[in-house]
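Some notes on the structure that comes next.
Because the structure is predicted, anything quoted here is derived from the model rather than measured. Numbers restart at 1 for each chain; the letters A, B, ... are given by sequence-line order, proteins then strands.
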Amino acid sequence: MKISVQSEDFDLGAECAAISRGRKDIGAVASFVGLVRDANDGAGVARMTLEHYAGMTEKSLAEIVEEARGRWEVMDATVIHRVGELQPGDNIVLVVVASAHRGDAFAACEFIMDFLKTRAPFWKKEETPEGGRWVDARESDDRAAEKWKE
Amino acid sequence: MKISVQSEDFDLGAECAAISRGRKDIGAVASFVGLVRDANDGAGVARMTLEHYAGMTEKSLAEIVEEARGRWEVMDATVIHRVGELQPGDNIVLVVVASAHRGDAFAACEFIMDFLKTRAPFWKKEETPEGGRWVDARESDDRAAEKWKE
Amino acid sequence: MSVHILYFAGLREALGQTSERLALPGHVGSVGELHAHLVARGGAWQALLTTKNLRVAVNQQMAAMRTPVADGDEVAFFPPVTGG
Amino acid sequence: MSVHILYFAGLREALGQTSERLALPGHVGSVGELHAHLVARGGAWQALLTTKNLRVAVNQQMAAMRTPVADGDEVAFFPPVTGG
């Protein structure tokens, strides 16, 4: 397991390779990368600042990964979340999940993203032509996390 | 859209980078890599040969991607499937889906894999200590494809 | 009329051939009739009956036993796919 | 007893501070009581009432208004999270 909150960029290919290197029992690697878009809620986004609750973020991400491990067969997982100032097109978040089977890899990867979105203490502030604004939490994200309770 | 059936290996990081390069409207890239495991159905697997129906495979993969584009917001997608002789730990298949939103990226990526598993004309033959054997289709794969009919 | 027939995977091995061009008698107008015509050869051709969940494609599109077969068609028989 | 209080994101900006150490009167024993104690300061502290769906964490675990607060605890107030 690898959890990192960092200002530096990450390398999807390198992180996936690190997870499967030397192993022959992994059949499926599902991954997700979230990026900064140049438009959100009808306004242009010139840049974004990601604030976080240092200490709690790492702990919270580790707990989410642990919960995924309890629900699905997860052989290894990596979660990296960037903080600080980001530009449109920049990477924000990476989740990689390795499993023997694809169903487990997909489910655990999406579960981690859905819970990260609603539980991990990160906040986005966007710079738009009308000035800075804190991004509002989305109901659709709450619903996405709710679906895993079924 | 990029569809490729090839004997050469692929590079997940390079394929994802190619999809998002120069774009600032992509918010989510979901990807999947399937790998050869050294054990399957209780037997050791020394190597594997992937046979395919040249011509139909590319067409079939393109149709599956088109169907995903009709169901979800897919900005770009890449599907690469290897054929020929592979060893445990080798990459078999890559699916990358880019979208504005993560729900669409995850769903389209998993949909493409589930349909590829049940519709694209590839066949695996494993070399085990007891000799060569053609891999049997799994009912769980049929069920995985069925779930998208809901 | 004649068709181009392809065999894949375990079925190809059981039949010992990858493809054939075949002139068809007039009563063969569907996949099901072509299938019966091939099975009637006997011997190894029983594999077309014993292959579990046999699949067929006509001109590289998944097809069914009732699918019509026309002159020049490419017809492929194979077991359920196992890629990915 | 005293606690370490942290504020994040829009709430941090509204209050103009990131954290404070605060000695608490004896009647404050829960997050809800701490919240009321801070709101009672008036002025900018109304942001603790007006922040939609205000969240709280005690010792870096998500908590509720009824969660007890003890000496030395780290209590954080913040709006709903928006990472990822």
Side-chain angles (χ1 to χ4, degrees), chain A residues 10-17 19-40 44-47 75 87-107 109-114 116-117 138 140-141 143-144 147, chain B residues 10-17 19-40 44-47 75 87-107 109-114 116-117 138 140-141 143-144 147:
Chain A
F10 50 76
D11 180 332
L12 166 65
E15 296 299 336
C16 285
I19 271 189
S20 53
R21 186 170 300 132
R23 294 186 71 155
K24 299 183 188 324
D25 56 344
I26 292 174
V29 178
S31 57
F32 179 83
V33 174
L35 302 102
V36 181
R37 292 190 299 142
D38 61 2
N40 188 30
V45 175
R47 66 176 188 281
M75 290 174 152
Q87 316 289 329
D90 281 353
N91 292 324
I92 304 174
V93 61
L94 167 75
V95 177
V96 183
V97 174
S99 178
H101 306 291
R102 78 182 183 288
D104 289 44
F106 272 119
C109 188
E110 189 167 9
F111 172 91
I112 291 170
M113 272 307 303
D114 286 346
L116 183 157
K117 280 266 181 187
R138 291 176 191 277
S140 59
D141 286 330
R143 283 196 302 276
K147 75 171 182 260
Chain B
F10 51 76
D11 179 333
L12 166 66
E15 297 299 336
C16 286
I19 271 190
S20 53
R21 187 170 298 130
R23 293 186 71 155
K24 299 182 188 327
D25 55 345
I26 292 174
V29 178
S31 57
F32 179 83
V33 174
L35 303 103
V36 182
R37 292 189 299 143
D38 61 1
N40 189 28
V45 175
R47 65 177 190 280
M75 290 175 153
Q87 315 290 329
D90 281 354
N91 291 325
I92 304 174
V93 61
L94 168 75
V95 176
V96 182
V97 174
S99 178
H101 306 290
R102 79 181 184 289
D104 288 45
F106 271 119
C109 187
E110 189 167 10
F111 172 91
I112 291 170
M113 273 307 303
D114 285 347
L116 182 157
K117 279 266 179 187
R138 291 177 191 277
S140 60
D141 287 329
R143 282 196 304 273
K147 75 170 181 258

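A:Phe106 places a side-chain heavy atom less than 4.5 Å from the side chain of B:Cys109.
No other option in A:Val29, A:Ile26, A:Leu12 has as many heavy-atom pairs under 4.5 Å with chain B as A:Val29. Of the residues considered (A:Cys16, A:Ala14, A:Ala30), A:Ala30 shows the highest number of contacts with chain B, using heavy-atom pairs under 4.5 Å. If you tally non-hydrogen atom pairs under 4.5 Å between each of B:Ala28, B:Ser20, B:Ser31 and chain A, the highest count goes to B:Ser31. With chain B as partner, the option from A:Met113, A:Arg21, A:Gln87 having the largest number of non-hydrogen pairs under 4.5 angstrom is A:Met113. Per-residue heavy-atom pair counts under 4.5 Å with chain B were compared for A:Val96, A:Asp141, A:Val93, and the maximum is reached by A:Asp141. Each of A:Ala39, A:Ala98, A:Ala100 has some count of heavy-atom pairs under 4.5 Å with chain B, and the biggest count is that of A:Ala100.
Residue A:Ala17: no heavy atom, backbone or side chain, is found under 4.5 Å from chain B. At a 4.5 Å heavy-atom cutoff, the contact between B:Ala144 and chain A is made by side-chain atoms alone. Interface residue B:Arg102: backbone and side-chain heavy atoms are both found under 4.5 Å from chain A. For B:Asp114, the parts lying near chain A are the backbone and the side chain together; criterion is any non-hydrogen pair under 4.5 Å.
Shown are A:Val45, A:Asp38, A:Val36; of these, the side chain to side chain contact (heavy atoms under 4.5 Å, CB included) with B:Lys24 is made only by A:Asp38.
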